[in-house]
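Here's the structure we're looking at; comments come further down.
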Amino acid sequence: MGILSIMLCCGKTKKSKDLGKLKKRSDPSTAPVSRKGSIATSQKVVWGNRKNIAEELNIVFSYLSVNELLKIRFVNKIWNKFACEVLRDKIEGVIILQRGLEYYTRAMSKSIDVPVGRIFLNILDLDEVHAQNFFRIVGHSVYKLILNLEGHSVPQFQSHLQYLSNMSQLSLNLFNQNEKEDVVQNVRRKTGATPEDQELRKLAAKKLALKSVDFQLDYNVDAEAFDMFLESVSPTVEYIRMESKSNQNLVFRMHTKAPCLLTIRLTHWVGRVWLDTIAHNAENLVKLQLSNCDPGSVSMKYPKSNMNVKSLAVNFGHFSTVSAKIRSEVVKNFICAFPALESFMMRQVSDKTLGQILSGWPKLTMLRVTSAFGLTDSGLTGIPIAELSKMTKLEYKLPCGCCLPVPVVDDKPMVDNVRIYPHLGKLQNLTDFSIESEEGSHFPLTNFSLHLGLNEHHKLQSLKLTCHNELGPHWCLKCIADNLPNLKELTVMDRAISHDRYEEHEVLYLLRKLPNLKLNLTPTNVDRYHSKKLF
């Protein structure tokens with residue numbers, strides 16, 4: 001059976017003592033009550049000299065249930081005004097089951113002028129009489145709809161579409177309940193259109209004016225049906241989220257103009273992605289996220305660029321073991337398609353990949369990366385790793401007391417003669433930088449990255465350095481204090497960090513130089529989900 005998910009208001013338990021207090025504060029005898037069952041028209045209500053009556057009404061009304069609020073709306077105009085405000089606050093959070101449809105239909109029919117916004121329904125039979133009545137009476141108030149759907153349930157839902165006249169967001173999960181099929185069924189699904197394809201085509205034919213689309217697609221949906229639906233919603237859609245863990249035949253491509261599209265999120269997407277169609281037809285796109293995608297399936301047939309895309313997040317998941325050549329080609333395509341990027345997040349970045357990022361997107365203001373084994377001090381400093389490994393004699397001392405293998409003139413390291421590759425200093429607009437080692441991997445960075453790379457970022461406001469599996473470097477807090485004057489947040493996390501690892505004078509010097517700094521020295525086992533928050 002199909003499970004329809006939509007969202008409706010509910011109330012809390014009445015507290016009679018609060019209602020009693022309200023009666024003492026006002027004189028209900030002076031408030032005219034409608035005899036015809038409609039809201040009173042008179043505005044002559046005596047409330048005394050209380051100036052905070054609005055606040056008091058909101059507090060007391062918040063304890064009343066939906067049914068009680070619907071009743072007190074008819075006391076007078078003032079009560080109606082604040083009762084409606086509380087009703088709107090109670091819209092989200094309740095799940096209406098099949099047996100509750102009749103009650104809520106009756107309740108909402110008495111308050112049809114209050115916009116109910118989002119509704120959450122969990123019902124099995126869309127053809128049941130109470131379901132039909134609910135959509136007929138409340139359907140015009142449904143703006144956001146989440147639908148877990150099997151193919152045979154689509155016609156039931158389509159019969160209610162005529163009542164969902166104001167729906168602007170659709171979240172659709174097309175799946176097949178029977179995961180195991182015999183050989184005959186498999187052959188039939190390969191040679192003919194599946195029920196999911198047929199119903200997706202029917203939805204496309206409706207040309208719904210949707211602003212938000214959230215799909216979870218199974219392996220039975222073909223590329224043609226998927227293209228038809230995307231094309232049908234492209235004139236109005238603003239947000240798209242797609243997930244397909246098993247269907248490698250799907251292709252995410254924008255065949256027609258999508259002038260309103262601002263965000264695309266492809267999560268657990270094993271199909272192909274055509275970047276050139278996105279760059280060309282989603283002209284106003286701002287954010288793009290690719291999660292658990294195969295980098296070998298991300299292609300760009302024709303060079304197209306979109307200057308409006310400002311944010312890109314990439315996570316290749318278990319596909320991260322693909323060759324460095326393929327990963328490099330994908331990053332090159334990203335740079336070509338979205339050259340004006342300001343925010344970039346990526347997992348398992350190597351020195352070579354970081355070099356591409358620094359050269360291709362010099363206007364980045366936020367950069368958040370993780371590393372497994374391929375990122376070293378060389379990637380951040382621009383000095384070849386072979387040269388860094390040769391520099392064993394730390395002959396030159398900085399004002400902070402740290403020693404470097406390069407000359408220091410006027411308290412600044414002279415690195416121009418040894419730098420070959422792009423370095424972090426190229427990102428002069430960077431305000432937010434985060435680097436994290438993946439679980440089970442070594443954290444290869446040292447204070448060289450701080451003294452010869454990060455020290456040049458005078459606009460930096462947030463810095464996060466996270467090491468999961470070992471004791472991280474003893475970061476030079478004096479270097480941070482002297483070179484990052486605009487820093488507002490510093491997070492240092494490793495396996496066993498504590499304030500005791502740093503001398504008291506180090507921490508005090510840092511906080512004196514940066515009095516507005518939010519300092520966080522935290523063991524990684526306290527925040528085990530830190531890496532998930534990055535994306």
Side-chain angles (χ1 to χ4, degrees), residues 261-265 273 275-276 278-291 295 298 300 302-316 327-371 375 378-383 415-416 419-436 445 449-450 452-465 480 483-490 534-535:
L261 186 57
L262 302 176
T263 302
I264 298 176
R265 296 182 60 205
V273 181
L275 289 179
D276 49 333
I278 297 175
H280 181 63
N281 288 319
E283 297 174 343
N284 296 308
L285 187 70
V286 177
K287 297 180 180 179
L288 174 64
Q289 176 184 346
L290 302 179
S291 177
V298 180
M300 190 168 183
Y302 307 101
K304 300 290 184 179
S305 297
N306 188 327
M307 301 297 292
N308 290 321
V309 177
K310 302 302 181 183
S311 176
L312 174 63
V314 182
N315 172 18
F316 293 132
R327 292 172 62 89
S328 176
E329 185 65 24
V330 173
V331 174
K332 179 182 176 181
N333 288 338
F334 284 141
I335 294 172
C336 178
F338 315 118
L341 217 59
E342 295 179 358
S343 171
F344 183 67
M345 296 183 284
M346 187 175 183
R347 285 193 175 282
Q348 300 192 11
V349 171
S350 65
D351 283 346
K352 183 176 181 179
T353 303
L354 184 61
Q356 287 181 283
I357 295 169
L358 299 178
S359 298
W361 291 310
K363 296 181 180 180
L364 283 178
T365 59
M366 185 182 79
L367 177 61
R368 297 182 181 182
V369 298
T370 71
S371 172
L375 187 61
S378 176
L380 274 71
T381 63
I383 302 173
V415 294
D416 292 338
R419 273 180 174 161
I420 297 179
Y421 306 123
H423 59 95
L424 206 59
K426 291 179 69 69
L427 306 181
Q428 289 300 309
N429 296 321
L430 194 66
T431 59
D432 186 336
F433 180 67
S434 173
I435 187 166
E436 174 184 350
L445 301 184
S449 292
L450 185 61
L452 305 178
L454 283 168
N455 65 312
E456 299 181 25
H457 289 284
H458 306 303
K459 295 181 181 180
L460 201 63
Q461 297 180 11
S462 175
L463 175 61
K464 296 180 181 180
L465 306 166
I480 294 174
N483 294 284
L484 306 179
N486 294 303
L487 198 64
K488 293 181 173 56
E489 181 178 0
L490 173 63
L534 282 177
F535 299 92

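Hydrogens, waters and symmetry mates are skipped; everything else that's a heavy atom, side chains included, is used. Please read these numbers as outputs of a predicted model, since none were measured by experiment.
At distances below 3.5 Å, not a single donor-acceptor pair connects side-chain atoms of Asn333 with backbone N or O atoms of Val331. A side-chain donor-acceptor contact under 3.5 Å links Ser359 to the backbone of Gly355. Although no hydrogens or angles enter the test, the distance criterion places no donor-acceptor pair under 3.5 Å between the side chain of Asn315 and the main chain of Arg347. Between the side chain of Ser378 and the backbone N or O of Ile383 there is at least one donor-acceptor pair closer than 3.5 Å. Without hydrogens or angle criteria, Ser371 side chain to Gln348 main chain gives no donor-acceptor distance under 3.5 Å. A distance-only check finds no donor-acceptor pair linking the side chain of His280 to the backbone of Ser305 [under 3.5 Å].
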Item to complete: Any chance you could lay out the side-chain contact (heavy atoms from CB on, under 4.5 Å) test for Asn306 and Ile278, step after step, and finish with the verdict?
Response: CA-CA 9 Å; Asn306 188 327; Ile278 297 175; over 6 Å; no
Discussion item. Between Asn455 and Leu450, does the side-chain contact (heavy atoms from CB on, under 4.5 Å) criterion hold? Intermediate values first, please.
Written reply: CA-CA 6 Å; Asn455 65 312; Leu450 185 61; 6.0 Å; no
Discussion item. Applying side-chain contact (heavy atoms from CB on, under 4.5 Å) to Leu452 and Leu380, what does each step give before you reach the verdict?
Written reply: CA-CA 8 Å; Leu452 305 178; Leu380 274 71; over 6 Å; no
Worksheet entry | Stepwise side-chain contact (heavy atoms from CB on, under 4.5 Å) check, Lys287 with Arg265 | CA-CA 8 Å; Lys287 297 180 180 179; Arg265 296 182 60 205; over 6 Å; no
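Counting only heavy atoms from C-beta outward, the side chains of Val330 and Val314 never approach each other to under 4.5 Å. Looking only at side-chain heavy atoms (C-beta outward), Asn281 and Leu261 stay at 4.5 Å or farther from each other. Side-chain contact check for Arg327 versus Phe316: some heavy-atom pair is nearer than 4.5 Å. Side-chain contact between Arg368 and Glu436: absent, with no pair of heavy atoms (C-beta onward) separated by less than 4.5 Å. Side-chain contact check for Leu290 versus Phe334: some heavy-atom pair is nearer than 4.5 Å. Residues Val286 and Asn308 are not in side-chain contact: their nearest non-hydrogen atoms beyond the backbone lie 4.5 Å or more apart. Between Leu312 and Trp361 the shortest side-chain heavy-atom distance falls below 4.5 Å. Side chains of Tyr421 and Leu354 form no contact here, defined as non-hydrogen atoms less than 4.5 Å apart.
Contact detail for Gln356 and Ser328: the closest heavy-atom pair is NE2-O, 3.1 Å. The two atoms that bring His457 and Gly453 nearest to each other are CD2-O, 3.7 Å, heavy atoms only. Across all non-hydrogen atoms, the minimal contact from Cys336 to Pro339 is O-CD, 3.8 Å. Here the shortest heavy-atom pairing between Gly425 and Glu456 reads CA-OE1, 3.8 Å. Closest heavy-atom contact between Val309 and Leu341: O-CD1, 3.6 Å.
For the atom pair Thr263 OG1 and Leu285 CG, the distance stands at 7.0 Å (nearest 0.5 Å). Atom OG1 of residue Thr381 and atom CG of residue Leu424 lie 9.5 Å apart, to the nearest 0.5 angstrom. The NZ atom of Lys488 sits 10.5 Å away from the CG atom of Leu460 when rounded to the nearest 0.5 Å. Note that CG of Leu367 is 10.5 Å distant from OG1 of Thr431, once rounded to the nearest 0.5 Å. Taken to the nearest 0.5 Å, the CG atom of Leu484 stands 14.0 Å off from the NZ atom of Lys459. One finds the CG atom of Leu364 at 8.5 Å from the CD atom of Glu342 (value rounded to the nearest 0.5 Å).
Atom NZ of Lys310 sits in a crowded spot, with more than 12 heavy atoms from other residues, nucleotides or ligands closer than 6.0 Å.
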